[in-house]
There are 2 protein chains.
Amino acid sequence: MTDIISHNNRPSRSAAMQTDDETGKNDSAGISSLVELIELLFFAYRDFTSDPDTILAEFGFGRAHHRVLHFVNRYPGLRVADLLDILKITKQSLARVLKQLVDSGMIEQQPGRSDRRERRLFTTKRGRKLAERLIEPQMARIVRALELSGDESHKVSRKLLYNMINSTEHEAVMKLFSRTHAKTSGKRPE
Amino acid sequence: MTDIISHNNRPSRSAAMQTDDETGKNDSAGISSLVELIELLFFAYRDFTSDPDTILAEFGFGRAHHRVLHFVNRYPGLRVADLLDILKITKQSLARVLKQLVDSGMIEQQPGRSDRRERRLFTTKRGRKLAERLIEPQMARIVRALELSGDESHKVSRKLLYNMINSTEHEAVMKLFSRTHAKTSGKRPE
DNA sequence: CTAATTATGTCAGTCATGTTGACTTATTTT
DNA sequence: AAAATAAGTCAACATGACTGACATAATTAG
């Protein structure tokens with residue numbers, strides 16, 4: 001193991017992550033502390049997204065497939081347009097990945113009941129199984145991190161993440177979360 | 001203020017979709033609530049990383065350039081090997097991006113003083129300026145989100161993100177953070 | 001009813017960023 | 001002197017983005 005830096009012992013920070021607040025060495029929201037938060041987000045996301053990669057490789061899929069599979073599995077009856085809105089990618093980008101998921105029997109398409117132009121998306125049994133396998137290590141990671149981060153951590157981090165999302169997207173997120181019925185959802189109700 | 005996203009229990013959404021909360025067995029956190037946290041992380045990261053894109057486009061750079069520029073700017077004197085360890089990409093991937101940053105006068109290389117095989121990396125004045133421009137909207141986003149998320153949010157989210165990182169990486173992260181560029185950061189002196 | 005709009009699909013080409021594998025050069029360590 | 005290390009390079013390839021143009025079917029508006 002290559003040591004990046006020669007000095008090894010930093011007892012005040014090595015065991016459990018302590019903040020500047022706790023050490024009383026800095027203002028509560030110092031620049032440095034903010035930058036570290038940004039970097040922690042990068043590291044956390046880096047490791048978080050790496051979890052499902054091994055499983056995906058078994059199927060010849062990548063992360064793009066994971067995203068699509070996850071949201072379709074989680075919100076059955078999603079339309080292509082909804083997915084585009086969620087993923088913020090182009091139709092052509094989505095098409096390739098979606099086609100592979102359909103061709104490999106992970107996702108099924110059904111014409112919309114009231115609007116037959118729509119293709120409502122659903123996971124098959126296989127697709128559901130894979131989606132569950134993929135999210136399992138990510139859930140475990142989150143649960144563990146929440147347990148280590150105090151009782152407030154779930155509520156607080158939920159709020160923080162929500163507030164980090166573009167406010168123009170807040171309504172879409174809430175609408176997605178409250179999507180409990182498959183038939184006529186997706187239309188913008190006034 | 002915003003008690004957004006406070007629904008603990010959601011009704012089942014579809015017969016086809018079998019989640020554990022439909023069985024009535026909710027652990028304290030709730031599967032559904034955990035999945036929403038995962039989705040919020042996706043949305044937050046999606047919007048967070050989109051901030052610098054416009055600026056990067058001006059220079060013909062992408063996110064890969066941003067990452068390299070950020071870490072070199074933040075931790076001057078970083079070696080190529082350090083960057084590889086941070087970014088978890090291959091040397092060949094890094095090389096392309098790094099070369100472009102060097103060629104465009106954003107990053108300079110200096111042979112290590114004690115080991116002349118090393119290429120210590122530093123941002124130039126231009127590079128520093130760009131790095132600051134890039135992080136500015138991200139800082140603003142974080143600050144705003146922290147303000148909206150309560151007094152605890154900085155400390156708690158810092159802990160959570162840290163705990164989401166692979167524990168095998170904890171030491172590397174702490175070592176990086178303690179790597180002081182003495183002038184700008186008032187960091188805990190031991 | 002016709003015309004416009006919408007939802008989706010598709011062809012074709014390009015770019016950014018990641019990968020593997022093999023090999024070189026310079027330098028330091030053993 | 002030999003081995004190990006830090007970095008750079010060549011080549012080929014995969015993934016997942018992008019743009020732009022166009023096609024088809026169905027719905028909605030005039």
Side-chain angles (χ1 to χ4, degrees), chain A residues 1-4 42 45-46 49-50 52-54 56-57 59-69 72 77-104 107-121 184-188, chain B residues 42 45-46 49-50 52-54 56-69 72 77-104 107-121:
Chain A
M1 170 77 177
T2 47
D3 275 349
I4 294 175
F42 168 75
Y45 202 80
R46 178 197 66 183
T49 55
S50 79
D53 282 355
T54 323
L56 287 162
F59 294 81
F61 292 148
R63 287 177 193 175
H65 302 88
H66 185 194
R67 285 180 217 125
V68 172
L69 188 63
V72 171
L78 221 55
R79 297 168 308 162
V80 168
D82 298 326
L83 269 177
L84 294 180
D85 206 50
I86 288 169
L87 303 175
K88 305 286 186 213
I89 57 175
T90 58
K91 178 172 58 161
Q92 297 92 324
S93 257
L94 175 58
R96 194 189 310 114
V97 168
L98 184 54
K99 188 177 189 305
Q100 290 170 325
L101 286 168
V102 170
D103 288 350
S104 57
I107 286 181
E108 281 177 342
Q109 293 169 315
Q110 288 175 24
R113 273 176 259 174
S114 59
D115 184 339
R116 299 199 319 274
R117 289 174 304 181
E118 296 173 356
R119 303 291 173 92
R120 296 289 182 156
L121 303 172
T184 47
S185 61
K187 293 279 174 180
R188 310 275 154 190
Chain B
F42 168 75
Y45 201 79
R46 178 198 66 183
T49 55
S50 79
D53 282 355
T54 323
L56 287 162
E58 282 178 37
F59 294 82
F61 292 148
R63 288 177 192 174
H65 301 88
H66 184 194
R67 285 179 216 126
V68 171
L69 187 62
V72 170
L78 222 54
R79 296 169 307 161
V80 168
D82 299 327
L83 269 176
L84 294 180
D85 207 49
I86 288 169
L87 302 175
K88 304 287 187 211
I89 59 174
T90 57
K91 179 173 57 163
Q92 297 93 322
S93 254
L94 175 58
R96 195 189 302 117
V97 168
L98 184 55
K99 187 176 190 307
Q100 291 170 324
L101 286 168
V102 170
D103 288 351
S104 56
I107 287 182
E108 280 178 341
Q109 293 169 314
Q110 288 175 22
R113 281 175 304 237
S114 59
D115 186 338
R116 301 201 316 277
R117 290 172 303 180
E118 296 172 355
R119 304 291 172 92
R120 296 289 182 157
L121 303 172

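In the text below, chain A, chain B and the rest are named by the order of the sequence lines, each starting its count at 1. Every heavy atom of this structure was used, including side-chain atoms; hydrogens, water molecules and symmetry mates were not.
- Phosphate proximity of C/dG18 to B/T90: absent, as no side-chain N or O sits under 4.0 Å from OP1 or OP2.
- Taking atom CG of B/L98 as the reference point, atom P of D/dA6 lies 17 Å away to the nearest angstrom.
- Rounding to whole angstrom units, CG of residue B/L87 and C1' of C/dT19 are separated by 15 Å.
- If you measure from atom CG of A/D115 to atom P of D/dA29, you get 12 Å, rounded to the nearest angstrom.
- When heavy atoms are screened at a 4.0 angstrom cut-off, A/Q100 is found touching no nucleic acid atom at all.
- At D/dT15, none of the side-chain N or O atoms of A/H65 fall inside 4.0 Å of OP1 or OP2 (strictly under the cut-off).
- To the nearest 0.5 Å, atoms CG (A/L98) and CZ (A/R119) are separated by 10.0 Å.
- For B/V80, taking side-chain heavy atoms from C-beta onward, the closest of the listed nucleotides C/dG18, C/dT10, D/dA7 is D/dA7.
- If you take CG on A/L101 and CZ on A/F61, they are separated by 5.0 Å, rounding to the nearest 0.5 Å.
- One atom, CG of B/L83, and another, P of D/dA6, lie 14 Å apart when rounded to the nearest Å.
- Within a 6.0 Å radius of NZ in A/K99, other residues, nucleotides and ligands contribute 12 heavy atoms or fewer.
- Residue-level contact check: B/K99 touches neither bases nor backbone, having no heavy atom under 4.0 Å from any strand.
- Taking the side chain of A/S93 as heavy atoms from C-beta on, and the options D/dT19, D/dA17, D/dA7, the nearest nucleotide is D/dA17.
- For the pair A/L84 CG and D/dC18 C1', the interatomic distance rounds to 14 Å; values are reported in whole Å.
- Put simply, the side chain of B/T49 gets close to the backbone of B/R46: a donor and an acceptor are under 3.5 Å apart.
- When heavy atoms are screened at a 4.0 angstrom cut-off, B/R96 is found touching base atoms of the nucleic acid.
- When the P atom of C/dG18 is taken as reference, atom CZ of A/R46 falls 13 Å away, rounded to whole Å.
- Close to D/dT24, at under 4.0 Å from its OP1 or OP2, lies no side-chain N or O of A/R116.
- Of the side-chain N and O atoms in A/Q92, none sit less than 4.0 angstrom from OP1 or OP2 of C/dA12.
- Side chain of B/R117, nearest nucleotide from D/dT5, D/dG8, D/dA26: D/dT5.
- Looking at B/R120 and B/E118, a side-chain N of the basic residue comes within less than 4.0 Å of a carboxylate O on the acidic one, giving a salt bridge.
- Here C/dT8 presents its C1' atom at 11 Å from CZ of A/R79, a figure rounded to the nearest Å.
- Checking C/dG9, C/dT17, C/dA7 against every side-chain atom of B/R63, the shortest atom distance belongs to C/dT17.
- Atom NZ of A/K91 and atom P of C/dA7 are 11 Å apart (whole Å).
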